[in-house]
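First listed ligand is number 1; within each ligand, the first listed atom is number 1.
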Amino acid sequence: MDHKEFRVKAKELVDYIADYLENVRDHRVYPGVQPGYLHARLPTEAPQAPESWDDIFRDVEDHIMPGIVHWQSPHMHAYFPALTSYPSIMGEMLSSALNVLCFTWASSPAGTELETIAMNWLGKLLGLPDCFLNEKNDSPGGGVIQTTASEATLVSLLAARTRALMELSSLNPEVQSSELLGHLICYCSDQAHSSVEKAGLIGLVRMRYIESDEHQCMRGAKLEEAILNDKDKGLVPFWVCATLGTTGSVAFDNLREIGEVCEKHSAWLHVDAAYAGSAFICPEYRHWLNGVDMADSFAFNPSKWLMVNFDCTAMWVKDSTALHRTFNVNPIYLRHENSGKAIDYMHWQIPLSRRFRALKLWFVLRNYGVVGLQKHIRESVRLAQKFEALVLADQRFDIPQPRNLGMVAFRLKGDNTLTERLLKRLNARGYIHAVPACFKGVYVIRFTVTSQRTTNQDILNDWSEIKTVASEILMDTFGSENGNIVMPKKPRISLKETRELNATFGTSLLLANSPMSPKIVNGTHVAICDYEQVLSSCAQTFAQLKMEPKDSPEMRRRIRGIRMCGKKFSLDSYMDMVQGLMVEQSLPQCSEEEREEASNGAKSEPIGAKH
Ligand code: PLP
């Protein structure tokens, strides 16, 4: 392919990509192929003669696309998000074209310096303490982009292992390192990701799993008890991994308690926030970071939720010395005259070569801005909350662990096999895709809001699919689509009662009882009662629902509007109002203009408009 052909074909490819992403919702999210499908279609050897681009690309459409899982689809709910975005794709395109290897400053100064700058921006955005930043050349801390969260965990464990072995060697100069290694032990919760176990296996150290509490959270007291026991046996605790946002249920270990135990026993504390880390760009979620000042390393994946395409794991360390001691090999061909004046990232990671990943991170941070990224995170949480409300309103389902952020873990009430069958059938139909988790013997389906393009309607469609399949399974098993659950009779509000409550009540208001809305509050009730009554109804049902407070000037204006104009609103509006009131119990009085503005804004939103 020459320059001329590249100009034409690459532009066509850009159109293909834009068409794909624009219409990704229309694909069946999970492919219907069987193992070996591609082997049967492609030749067993590479072609001897060059092939035309058109022939090659035709095979993409004919053979590759049928075997793709559409991770960017709004109907993809498996795992955690792995989002891409246009600025990120463009960063990847440019980085591929430049193809610089940023292992030392000299190997590509812009590559190294942009990484340091972007990681400082991102660290500040998350509210990490200054000790994790690298704003001066001689600062011991700083950020680095690793390939995956698994690799960041391993890097952290190996650095901590070096530090511990050096300390032990100085106390026991006559003992071999290999023997000292046998005394080391590290810790994580029984909910930690499997990559933590893998890091222990590669690092040849023992790993102790701390039993999490009823909220799947590792607590300081249990950790301390285990450490004291191990010390009594002559073992040396050297590394603890805390998880913020576990894979199974997005649970959060208690960082402050764990940090205090680590400080007391001089253990390195690593924080794995692979998915949840992105949420810390929103101040309302930073309470989970309480205690991060006691961590030695912290990692999360912008390649999950922050729309920087894979690979991109942001890792910060308080003191890079331990990394240097672990990974520093300094052959003559890698030395340069500015060594020591800037970071040489090859000393912060396992491989030598590294891609220019800072470019896509920098593009995304600039093109969305903090406000755009925060909006994206909050919208995912809002949609997960909506899904949670739908599940809670159906008596056949259960949410055994409270939802955190953008993931809801739900199940059919009753035996685990019902939920297993539900998931299997959902995945086989391919319209939505999800994976299971199991906490303490309870099997659940994880429903993660993944795409930045997910709409209210997508959530409603997915819920409808889940309900349909659940009804089929319950019908097959129990001969009733309600299974063996006795449905309580819903109290009916008669028209007479309704008229007594509101003389001007018209039958059109019955539309408020929209069939699409989750029946958290009886729609008729919403339509005829004033907001204080509705609020108390909401509060009763919302007692089960995990609501995050919402606070922003726009939200306050909206809530004032809802309260003051006396009109009837959709369920979503009432949910907003409850969330707003959680932030500010007594809302300030509006000025005349604000009153005007609020009621104008409110006019454009009819009852049930969002459903
Ligand atoms: N840690 C946690 C908590 C995770 O949820 C995951 C993956 O979802 C990982 C680590 C592994 O991430 P990676 O694929 O980047 O290694």
Side-chain angles (χ1 to χ4, degrees), residues 69 71 76-84 88 126 144-158 186-203 207 209-210 212 215-218 239-255 258 269-280 285 288-289 292 295 297-316 349-351 354-355 357 360-361 380 384 401 403-409 433-439 444 446-450:
V69 174
W71 280 68
M76 172 73 177
H77 301 294
Y79 317 107
F80 279 133
L83 292 181
T84 188
S88 179
L126 260 61
V144 54
I145 301 179
Q146 304 283 4
T147 311
T148 59
S150 312
E151 201 168 305
T153 301
L154 176 62
V155 164
S156 159
L157 181 138
L158 294 178
C186 53
Y187 304 82
C188 65
S189 122
D190 57 7
Q191 299 299 312
H193 189 261
S194 57
S195 52
V196 183
E197 179 184 358
K198 201 186 260 186
L201 292 175
I202 300 171
M207 181 80 65
Y209 298 93
I210 306 298
S212 52
H215 304 297
Q216 321 288 329
C217 161
M218 178 163 71
W239 185 81
V240 176
C241 178
T243 310
L244 295 185
T246 58
T247 318
S249 62
V250 191
F252 291 80
D253 289 343
N254 190 316
L255 209 49
I258 293 168
L269 173 57
H270 176 66
V271 179
D272 174 9
Y275 160 71
S278 297
F280 301 139
Y285 299 121
W288 281 310
L289 275 180
V292 72
S297 51
F298 178 97
F300 88 100
N301 285 4
S303 62
K304 286 195 177 343
W305 201 2
L306 220 51
M307 299 183 286
V308 181
N309 67 269
F310 185 81
D311 54 336
C312 183
T313 292
M315 178 188 192
W316 290 267
Q349 62 170 26
I350 297 167
R354 53 203 324 277
R355 304 188 318 113
R357 289 172 293 212
K360 59 184 174 182
L361 174 60
S380 307
Q401 282 295 319
R403 175 194 56 78
N404 279 323
L405 302 176
M407 204 265 278
V408 181
H433 184 41
V435 292
C438 191
F439 2 98
V444 291
R446 297 164 75 267
F447 181 99
T448 318
V449 174
T450 55

Review point. Arg355: what forms a salt bridge (Lys or Arg N to Asp or Glu O under 4.0 Å) with it, not counting sequence neighbours?
Key: Glu92, Asp311

Using distance only, find each side-chain donor-acceptor pair of residues 272-279 under 3.5 Å and give its atom names and separation, not counting sequence neighbours.
residue : atom : partner : partner atom : Å
Asp272  : OD1  : Ala274  : N            : 3.1
Tyr275  : OH   : Gly406  : N            : 3.1

Practice item. Please work out whether the ring planes of Tyr79 and Trp71 are parallel, tilted or perpendicular, with thresholds of 30° and 60°. Key: parallel

**Study point:** Over all atoms of both residues, closest heavy-atom pair of Thr246 and Gln216
**Key:** CG2-O, 4.4 Å

As a test of reading the model: which N/O atoms of the protein lie under 3.5 Å from N/O atoms of ligand 1, and at what distance?
residue  : atom   : partner : partner atom : Å
ligand 1 : 1 (N)  : Asp272  : OD1          : 3.3
ligand 1 : 1 (N)  : Asp272  : OD2          : 2.6
ligand 1 : 5 (O)  : Thr247  : OG1          : 2.9
ligand 1 : 8 (O)  : Lys304  : NZ           : 3.4
ligand 1 : 15 (O) : Ala149  : N            : 2.8
ligand 1 : 15 (O) : Asn301  : ND2          : 2.9
ligand 1 : 16 (O) : Ala149  : N            : 3.4
ligand 1 : 16 (O) : Ser150  : N            : 2.9
ligand 1 : 16 (O) : Ser150  : OG           : 2.4

Check your understanding: Sequence neighbours excluded, which residues qualify as side chain to side chain contact (heavy atoms under 4.5 Å, CB included) partners of Ser303?
Key -> Asn301, Phe310, Cys312

Check your understanding: Is Thr448 reaching over with its side chain to a backbone N or O of Thr450, donor-acceptor style, under 3.5 angstrom?
Key -> no

